[in-house]
Amino acid sequence: MRWQSLPPAGNTIRLESSAESLGQLLPGYQLVWLNSGTAALAFSLVQLKMRYPAVSQPEVIIPGYCCPDLVAAALFAGFIPRVVDICVDDPSYDLAQLECALTQRTLAVIAINFLGIAERLTEIRQLLAPWPKVGLIEDNAQWFPDAYEVAGLQGDYVIFSFGRGKAVSLLGGGLVAVKEGLALFDLKLSTEAGSLSWRLKVRLLALLSQPWAYYWMEQLPFLKLGATRYHALDNICLMSAAKLLRVRANVTHYRSLSRFAEQGLKARIAPTHNGLHALLTSPRCRRLLRFPLLSHRAVDRARLTENSALRGLGVSRLYNGALSELEGIAELALQMGPLPNAVSFARRLLTLPTHQQVKACHLAAITTLVATDK
């Protein structure tokens with residue numbers, strides 16, 4: 001009988017502190033450290049709203065397959081989210097629909113790096129050229145650049161998240177990198193309260209992320225592991241000193257990690273399974289938080305996920321559906337038409353784990369599962 005399950009994501013959090021300046025972590029940007037990635041998005045939108053106060057009922061464009069936290073950030077900042085469909089079998093915007101969605105009230109486009117697969121930022125920049133008021137928000141909540149990749153950042157505002165399961169995790173926190181030369185309005189933010197239990201929470205998470213402990217957590221249905229629900233954003237505040245002092249150690253640790261699991265999955269699975277592997281060899285592919293695959297049909301995805309769960313292999317659906325299908329979204333004030341590509345993508349996507357705990361035996365089991373499932 002199986003007594004272990006891989007979690008779908010989660011690298012080790014380092015507890016070493018460093019007082020070294022973080023100012024040169026992302027050269028060319030002004031860095032604002034906040035309490036969450038959602039707060040970082042909201043902060044960026046508030047900045048744009050203050051920059052163009054004459055625009056009433058400002059709009060922000062977001063993709064049809066995304067985390068509902070984008071909606072929470074938009075509504076907190078006083079924006080109307082306008083939802084645009086993605087491409088066929090690709091998490092990036094349908095650029096023709098994106099262009100049609102731009103209006104005089106549009107102040108922002110949020111471009112998501114999906115698990116390490118970058119958006120087509122250059123093409124989006126070209127679309128925005130006739131719209132000088134529109135800010136490009138590069139949402140890297142699911143990715144963090146290696147040192148040599150920093151020069152490739154293109155957003156006016158670049159967002160990172162340090163929440164649980166993110167590329168660099170501090171069990172919470174966010175970063176807004178504001179391009180030098182853009183006005184940075186003072187929002188008079190307070191600092192989040194420090195917690196004496198933060199170290200304890202980090203150690204507890206490390207314990208619960210062990211395969212033997214995660215197995216038992218999966219047996220408790222009330223925990224709803226992996227469920228995606230809308231939660232309103234309560235506040236924006238500055239990151240606590242305890243977390244800020246540990247940013248440097250955790251960024252350094254993340255950048256030093258082996259890509260053993262990711263590279264092993266690319267070598268083993270890409271030749272045997274149709275899906276997002278086609279993107280994994282493109283210039284848009286970066287270090288992956290999770291390894292994405294598209295099944296041919298929703299029923300195939302369901303069978304693969306169920307068979308993986310029986311083997312404890314850490315396969316996940318990511319979000320539960322397209323944005324229009326997520327719990328808590330229907331009653332909100334969004335501009336949203338049909339999202340056929342996002343719906344199809346959501347029903348067929350599954351992700352494979354790439355974190356430190358994935359071993360050669362797991363890669364072999366995943367390869368067998370994917371190659372033999374019919």
Side-chain angles (χ1 to χ4, degrees), residues 29-30 32 38-87 91-113 118-141 153-159 176-187 230 232-233 236 322-324 329-342:
Y29 286 87
Q30 309 166 75
V32 183
T38 310
L41 274 174
F43 179 94
S44 302
L45 292 169
V46 171
Q47 292 289 315
L48 283 162
K49 192 174 181 181
M50 295 177 72
R51 189 175 174 187
Y52 299 107
V55 178
S56 62
Q57 296 184 307
E59 296 180 353
V60 54
I61 295 176
I62 63 176
Y65 185 77
C66 69
C67 177
D69 288 348
L70 273 70
V71 176
L75 297 180
F76 181 94
F79 277 68
I80 298 172
R82 182 177 288 272
V83 186
V84 168
D85 205 3
I86 59 175
C87 294
S92 63
Y93 279 115
D94 180 318
L95 295 180
Q97 292 196 41
L98 174 59
E99 186 173 22
C100 290
L102 293 164
T103 74
Q104 295 297 327
R105 296 194 301 188
T106 307
L107 288 187
V109 171
I110 300 179
I112 295 175
N113 182 309
E119 248 291 3
R120 291 172 290 173
L121 297 171
T122 300
E123 290 88 338
I124 293 175
R125 275 286 186 203
Q126 292 170 350
L127 285 182
L128 297 184
W131 303 87
K133 291 181 181 179
V134 180
L136 177 58
I137 300 178
E138 185 178 342
D139 184 348
N140 291 323
L153 300 178
Q154 296 189 45
D156 300 307
Y157 304 87
V158 184
I159 307 304
V176 183
V178 182
K179 185 172 286 187
E180 287 184 352
L182 288 180
L184 188 56
F185 299 96
D186 185 3
L187 303 188
Y230 171 80
L233 176 64
I236 303 176
L323 190 60
S324 56
I329 291 294
E331 60 268 25
L332 301 176
L334 279 65
Q335 296 289 332
M336 182 163 51
L339 302 171
N341 296 337

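- Without hydrogens or angle criteria, R105 side chain to I80 main chain gives no donor-acceptor distance under 3.5 Å.
- Results of the side chain to side chain contact (heavy atoms under 4.5 Å, CB included) test with P81 over I329, L70, L75 single out L75 as the only residue that passes.
- Of all heavy-atom pairs spanning A101 and I61, the tightest one is CB-CD1, 3.8 Å.
- Between the side chain of Q30 and the backbone N or O of L182, at least one donor-acceptor pair lies under 3.5 Å.
- Judged purely by atom type and a 3.5 angstrom limit, N341 uses its side chain to pair as donor or acceptor with the backbone of I86.
- Nearest approach of D85 to L339, heavy atoms of both residues: OD2-C, 3.5 Å.
- Taking CD1 from I137 and CG from L45, the interatomic distance works out to 4.0 Å, rounded to the nearest 0.5 Å.
- P68 and L323 get closest at one heavy-atom pair: CA-CD1, 4.1 Å.
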Could you go through the side chain to side chain contact (heavy atoms under 4.5 Å, CB included) check for V84 and V109 one step at a time? CA-CA 10 Å; V84 168; V109 171; over 6 Å; no
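- In this structure, the side chain of E138 engages the main chain of Q154 through a donor-acceptor pair within 3.5 Å.
- More than 12 heavy atoms of other residues, nucleotides or ligands shown are found within 6.0 angstrom of CD on E331.
- In this structure, E99 CD and L128 CG are separated by 9.5 Å, a value rounded to the nearest 0.5 Å.
- Partners of F185 by side chain to side chain contact (heavy atoms under 4.5 Å, CB included), not counting sequence neighbours, listed by chain and number: Q47, M50, R51, A183.
- Summarising the geometry, atom CG belonging to L41 is positioned 12.5 Å from atom CZ belonging to F76; distances are rounded to the nearest 0.5 Å.
- To the nearest 0.5 angstrom, Y93 atom OH is 11.5 Å from L127 atom CG.
- Annotation: the span from T106 atom OG1 to L48 atom CG amounts to 11.5 Å, rounded to 0.5 Å.
- Smallest separation of non-hydrogen atoms from M336 and S324: SD-CB, 3.7 Å.
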Show your reasoning for whether side chain to side chain contact (heavy atoms under 4.5 Å, CB included) applies to L95 and I124. CA-CA 8 Å; L95 295 180; I124 293 175; 4.0 Å; yes
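- Within a 6.0 Å radius of NZ in K133, other residues, nucleotides and ligands contribute 12 heavy atoms or fewer.
- Between R125 atom CZ and L136 atom CG the span is 4.5 Å, to the nearest 0.5 Å.
- A42 and L233 make their closest contact through CB-CD2, 3.6 Å (heavy atoms, listed as atom of the first residue, atom of the second, distance).
- For the pair D156 (side chain) and K179 (backbone), a donor-acceptor distance under 3.5 Å is absent.
- Taking R120 as the reference, nothing meets the salt bridge (Lys or Arg N to Asp or Glu O under 4.0 Å) condition, with sequence neighbours excluded.
- Annotation for A72 and T38: closest pair CB-CG2, 4.3 Å, computed over non-hydrogen atoms.
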